[in-house]
Amino acid sequence: GAGVSQSPSNKVTEKGKDVELRCDPISGHTALYWYRQSLGQGLEFLIYFQGNSAPDKSGLPSDRFSAERTGGSVSTLTIQRTQQEDSAVYLCASSPQPARAEAFFGQGTRLTVV
Amino acid sequence: DQQVKQNSPSLSVQEGRISILNCDYTNSMFDYFLWYKKYPAEGPTFLISISSIKDKNEDGRFTVFLNKSAKHLSLHIVPSQPGDSAVYFCAANEVQGAQKLVFGQGTRLTINP
(Lines give C-alpha, C1' and ligand atoms only; values in the text may rest on other atoms or scores of the structure.)
Protein backbone atom coordinates (compact mmCIF):
# COMPACT_ATOMS: atom_id res chain seq x y z
CA GLY A 1 0.00 0.00 0.00
CA ALA A 2 1.06 3.58 -0.57
CA GLY A 3 2.61 5.52 2.24
CA VAL A 4 2.48 9.25 2.86
CA SER A 5 3.44 11.08 -0.31
CA GLN A 6 4.82 14.62 -0.41
CA SER A 7 5.49 16.81 -3.39
CA PRO A 8 7.67 18.34 -4.56
CA SER A 9 10.62 16.55 -2.97
CA ASN A 10 12.77 19.63 -3.46
CA LYS A 11 11.82 23.25 -4.02
CA VAL A 12 14.08 26.22 -4.58
CA THR A 13 12.33 29.55 -4.56
CA GLU A 14 13.28 33.20 -4.54
CA LYS A 15 12.77 35.27 -1.43
CA GLY A 16 9.37 36.90 -1.48
CA LYS A 17 7.66 34.25 -3.62
CA ASP A 18 4.79 32.07 -2.43
CA VAL A 19 5.13 28.27 -2.29
CA GLU A 20 2.70 25.40 -1.90
CA LEU A 21 3.69 22.05 -0.46
CA ARG A 22 1.42 19.05 -0.90
CA CYS A 23 0.80 16.02 1.27
CA ASP A 24 -1.18 12.91 0.34
CA PRO A 25 -1.78 10.97 3.56
CA ILE A 26 -2.39 7.26 3.85
CA SER A 27 -5.96 6.51 2.83
CA GLY A 28 -8.32 6.37 5.79
CA HIS A 29 -6.02 8.18 8.20
CA THR A 30 -7.98 10.82 10.06
CA ALA A 31 -5.07 12.69 11.64
CA LEU A 32 -2.57 14.73 9.62
CA TYR A 33 0.43 16.67 10.88
CA TRP A 34 2.88 19.14 9.40
CA TYR A 35 6.32 19.54 10.95
CA ARG A 36 9.48 21.22 9.80
CA GLN A 37 13.10 20.47 10.50
CA SER A 38 15.59 23.26 10.09
CA LEU A 39 19.28 22.46 9.72
CA GLY A 40 20.57 20.88 12.92
CA GLN A 41 17.24 21.27 14.69
CA GLY A 42 14.52 18.93 15.89
CA LEU A 43 11.03 18.43 14.53
CA GLU A 44 9.04 21.63 14.97
CA PHE A 45 5.28 21.17 15.10
CA LEU A 46 3.36 23.40 12.69
CA ILE A 47 -0.26 22.29 12.40
CA TYR A 48 -2.48 19.31 13.13
CA PHE A 49 -5.75 18.21 11.49
CA GLN A 50 -8.05 15.65 13.04
CA GLY A 51 -11.19 14.64 11.18
CA ASN A 52 -13.68 17.48 10.94
CA SER A 53 -12.40 19.28 14.03
CA ALA A 54 -10.88 22.71 13.81
CA PRO A 55 -7.15 22.35 13.13
CA ASP A 56 -4.58 23.04 15.82
CA LYS A 57 -2.59 25.87 14.28
CA SER A 58 -0.62 26.69 17.40
CA GLY A 59 2.74 25.87 15.79
CA LEU A 60 2.50 28.06 12.71
CA PRO A 61 5.39 30.56 13.07
CA SER A 62 3.68 33.52 11.41
CA ASP A 63 0.62 34.55 9.46
CA ARG A 64 2.58 33.89 6.26
CA PHE A 65 1.97 30.20 6.92
CA SER A 66 -1.37 28.53 6.31
CA ALA A 67 -2.60 25.02 5.63
CA GLU A 68 -5.76 23.36 4.55
CA ARG A 69 -6.98 19.84 4.25
CA THR A 70 -9.59 19.22 1.59
CA GLY A 71 -12.16 16.47 1.97
CA GLY A 72 -10.32 15.07 4.95
CA SER A 73 -7.53 13.84 2.70
CA VAL A 74 -4.95 15.87 0.78
CA SER A 75 -3.33 18.77 2.60
CA THR A 76 -1.54 21.83 1.27
CA LEU A 77 0.86 23.96 3.29
CA THR A 78 1.24 27.45 1.84
CA ILE A 79 4.02 29.86 2.70
CA GLN A 80 3.53 33.39 1.45
CA ARG A 81 6.33 35.88 0.84
CA THR A 82 9.00 33.32 1.69
CA GLN A 83 12.01 34.35 3.75
CA GLN A 84 15.41 32.71 4.00
CA GLU A 85 14.62 31.47 7.51
CA ASP A 86 11.80 29.41 6.00
CA SER A 87 14.42 27.12 4.45
CA ALA A 88 13.93 23.71 6.01
CA VAL A 89 12.62 20.22 5.37
CA TYR A 90 8.84 20.19 5.70
CA LEU A 91 7.49 16.84 6.85
CA CYS A 92 3.94 15.60 6.70
CA ALA A 93 2.63 12.66 8.74
CA SER A 94 -0.69 10.88 9.04
CA SER A 95 -2.13 8.59 11.66
CA PRO A 96 -5.17 6.30 11.75
CA GLN A 97 -6.19 7.90 15.00
CA PRO A 98 -4.59 10.76 16.88
CA ALA A 99 -3.66 9.01 20.07
CA ARG A 100 -1.98 5.72 20.95
CA ALA A 101 -0.99 5.25 17.35
CA GLU A 102 2.18 6.05 15.56
CA ALA A 103 2.24 8.67 12.84
CA PHE A 104 3.63 7.67 9.45
CA PHE A 105 5.85 10.25 7.82
CA GLY A 106 6.45 11.18 4.22
CA GLN A 107 9.96 11.78 2.94
CA GLY A 108 9.58 15.53 3.22
CA THR A 109 9.95 18.55 0.98
CA ARG A 110 13.28 20.30 1.16
CA LEU A 111 12.58 24.01 0.72
CA THR A 112 15.42 26.37 -0.07
CA VAL A 113 14.76 30.10 -0.19
CA VAL A 114 17.46 32.03 -2.05
CA ASP B 1 8.87 26.18 25.58
CA GLN B 2 10.49 22.81 24.90
CA GLN B 3 8.13 20.26 26.40
CA VAL B 4 10.18 17.27 25.24
CA LYS B 5 13.94 17.45 25.64
CA GLN B 6 16.77 15.28 24.44
CA ASN B 7 19.81 16.79 26.07
CA SER B 8 22.42 14.73 24.26
CA PRO B 9 22.76 15.85 20.65
CA SER B 10 25.03 12.91 19.86
CA LEU B 11 26.11 9.54 21.18
CA SER B 12 28.81 7.16 20.01
CA VAL B 13 28.70 3.46 20.93
CA GLN B 14 30.77 0.47 19.96
CA GLU B 15 29.09 -2.25 17.95
CA GLY B 16 27.67 -4.99 20.17
CA ARG B 17 27.39 -2.78 23.24
CA ILE B 18 24.27 -1.17 24.68
CA SER B 19 23.04 2.21 23.42
CA ILE B 20 20.99 4.27 25.87
CA LEU B 21 19.14 7.32 24.58
CA ASN B 22 17.44 9.62 27.05
CA CYS B 23 14.46 11.92 26.91
CA ASP B 24 12.84 14.22 29.48
CA TYR B 25 9.46 15.90 29.37
CA THR B 26 7.82 18.68 31.31
CA ASN B 27 4.12 18.26 30.54
CA SER B 28 2.60 15.97 33.17
CA MET B 29 -0.45 15.49 30.92
CA PHE B 30 1.57 13.47 28.41
CA ASP B 31 0.49 9.86 28.60
CA TYR B 32 1.77 8.23 25.43
CA PHE B 33 5.38 8.21 24.30
CA LEU B 34 7.06 7.13 21.10
CA TRP B 35 10.54 6.77 19.65
CA TYR B 36 11.30 7.43 16.00
CA LYS B 37 14.41 6.78 13.97
CA LYS B 38 15.50 8.96 11.07
CA TYR B 39 18.03 8.33 8.35
CA PRO B 40 19.32 11.22 6.19
CA ALA B 41 16.96 12.32 3.41
CA GLU B 42 14.17 10.12 4.75
CA GLY B 43 11.16 10.77 6.94
CA PRO B 44 11.20 9.50 10.52
CA THR B 45 10.02 5.92 11.03
CA PHE B 46 8.28 4.63 14.11
CA LEU B 47 10.32 2.41 16.38
CA ILE B 48 8.55 1.68 19.65
CA SER B 49 6.00 3.24 21.98
CA ILE B 50 4.86 3.08 25.58
CA SER B 51 1.70 4.06 27.41
CA SER B 52 1.89 5.80 30.76
CA ILE B 53 0.23 2.81 32.43
CA LYS B 54 3.41 0.82 31.78
CA ASP B 55 7.00 1.37 32.81
CA LYS B 56 8.63 -0.87 30.22
CA ASN B 57 7.97 -2.06 26.69
CA GLU B 58 10.23 -4.38 24.75
CA ASP B 59 10.44 -5.21 21.06
CA GLY B 60 13.38 -7.32 20.02
CA ARG B 61 16.60 -5.39 20.59
CA PHE B 62 14.69 -2.25 21.59
CA THR B 63 13.34 -1.52 25.07
CA VAL B 64 11.73 1.69 26.25
CA PHE B 65 11.61 2.55 29.94
CA LEU B 66 9.31 5.15 31.44
CA ASN B 67 9.79 6.82 34.82
CA LYS B 68 6.70 8.96 35.31
CA SER B 69 7.75 10.46 38.61
CA ALA B 70 10.97 11.72 37.03
CA LYS B 71 9.24 12.57 33.73
CA HIS B 72 11.95 10.62 31.98
CA LEU B 73 12.09 7.93 29.36
CA SER B 74 14.92 6.06 27.78
CA LEU B 75 15.48 3.81 24.79
CA HIS B 76 17.86 0.91 25.13
CA ILE B 77 19.27 -0.83 22.08
CA VAL B 78 21.15 -4.05 22.72
CA PRO B 79 23.22 -5.24 21.03
CA SER B 80 23.90 -2.14 18.95
CA GLN B 81 24.46 -2.70 15.24
CA PRO B 82 25.96 -0.44 12.54
CA GLY B 83 22.52 -0.09 10.92
CA ASP B 84 21.29 1.55 14.10
CA SER B 85 23.32 4.65 13.26
CA ALA B 86 20.66 7.35 12.78
CA VAL B 87 19.00 10.26 14.54
CA TYR B 88 16.54 9.18 17.22
CA PHE B 89 13.61 11.35 18.25
CA CYS B 90 11.37 10.87 21.24
CA ALA B 91 7.81 12.15 21.05
CA ALA B 92 4.85 12.47 23.40
CA ASN B 93 1.18 13.32 23.33
CA GLU B 94 -1.91 13.65 25.48
CA VAL B 95 -4.39 10.94 24.65
CA GLN B 96 -7.33 12.89 26.06
CA GLY B 97 -6.03 16.36 25.48
CA ALA B 98 -4.25 18.20 22.71
CA GLN B 99 -3.25 14.89 21.07
CA LYS B 100 -0.66 16.44 18.78
CA LEU B 101 2.71 14.70 18.79
CA VAL B 102 5.46 16.82 20.35
CA PHE B 103 9.03 15.87 19.44
CA GLY B 104 12.39 16.33 21.08
CA GLN B 105 15.43 17.74 19.28
CA GLY B 106 16.86 14.33 18.45
CA THR B 107 20.04 12.44 19.32
CA ARG B 108 22.45 11.33 16.61
CA LEU B 109 23.60 7.80 17.38
CA THR B 110 26.77 6.49 15.76
CA ILE B 111 27.65 2.82 16.09
CA ASN B 112 31.35 2.21 15.62
CA PRO B 113 32.58 -1.15 14.27
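Lettering follows sequence order; numbering is per chain, from 1. Since this is a predicted model, take the numbers as computed values, not measurements.
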Co-membership, hydrophobic cluster, residues [X] and [Y], 4.5 Å side-chain:
| X | Y | answer |
| --- | --- | --- |
| B:Phe62 | B:Trp35 | yes |
| B:Leu47 | B:Leu11 | yes |
| B:Tyr88 | B:Leu66 | yes |
| B:Phe65 | B:Leu21 | no |

Taking atom [atom1] of [X] as the centre, report whether more than 12 heavy atoms of other residues, nucleotides or ligands fall under 6.0 Å from it.
| X | atom1 | result |
| --- | --- | --- |
| A:Glu14 | CD | no |
| B:Arg61 | CZ | yes |
| B:Arg108 | CZ | no |

A:Tyr35 and B:Leu101: CA distance, side-chain angles, deciding distance, side chain to side chain contact (heavy atoms under 4.5 Å, CB included) verdict
CA-CA 10 Å; A:Tyr35 293 87; B:Leu101 275 176; 3.1 Å; yes
Can you tell me which portion of A:Ser9 sits under 4.5 Å from chain B's heavy atoms? Options are side chain, backbone, both or neither.
neither
Sort A:Gln6 into side chain, backbone, both or neither according to what part of it lies under 4.5 angstrom from a heavy atom of chain B.
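Nothing of A:Gln6, per the 4.5 Å heavy-atom cut-off to chain B.
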Between A:Tyr33 and B:Lys100, what is the shortest heavy-atom contact and its length?
CE2-CA, 3.8 Å
Taking all non-hydrogen atoms of both residues, which atom of A:Leu43 and which atom of B:Pro44 are closest, and how far apart?
CD1-CG, 4.0 Å
Could you measure the distance from the CD atom of B:Glu42 to the CZ atom of A:Phe105? Nearest 0.5 Å is fine.
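Separation between the atoms: 13.5 Å.
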Working to the nearest 0.5 angstrom, can you tell me the gap between B:Asn93 CG and A:Phe45 CZ?
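CZ of A:Phe45 is found 11.0 Å from CG of B:Asn93.
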Hey, which of B:Phe33, B:Phe103, B:Phe89 has the most heavy atom pairs under 4.5 Å with chain A?
B:Phe103
So that I know where these two stand, are A:Phe104 and B:Phe46 an aromatic pair - ring centroids less than 6.0 Å apart?
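Not under 6.0 Å, so no.
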Under 4.5 Å heavy-atom distance to chain A, tell me which part of B:Tyr36 shows up: side chain, backbone, both or neither.
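Interface part for B:Tyr36: side chain.
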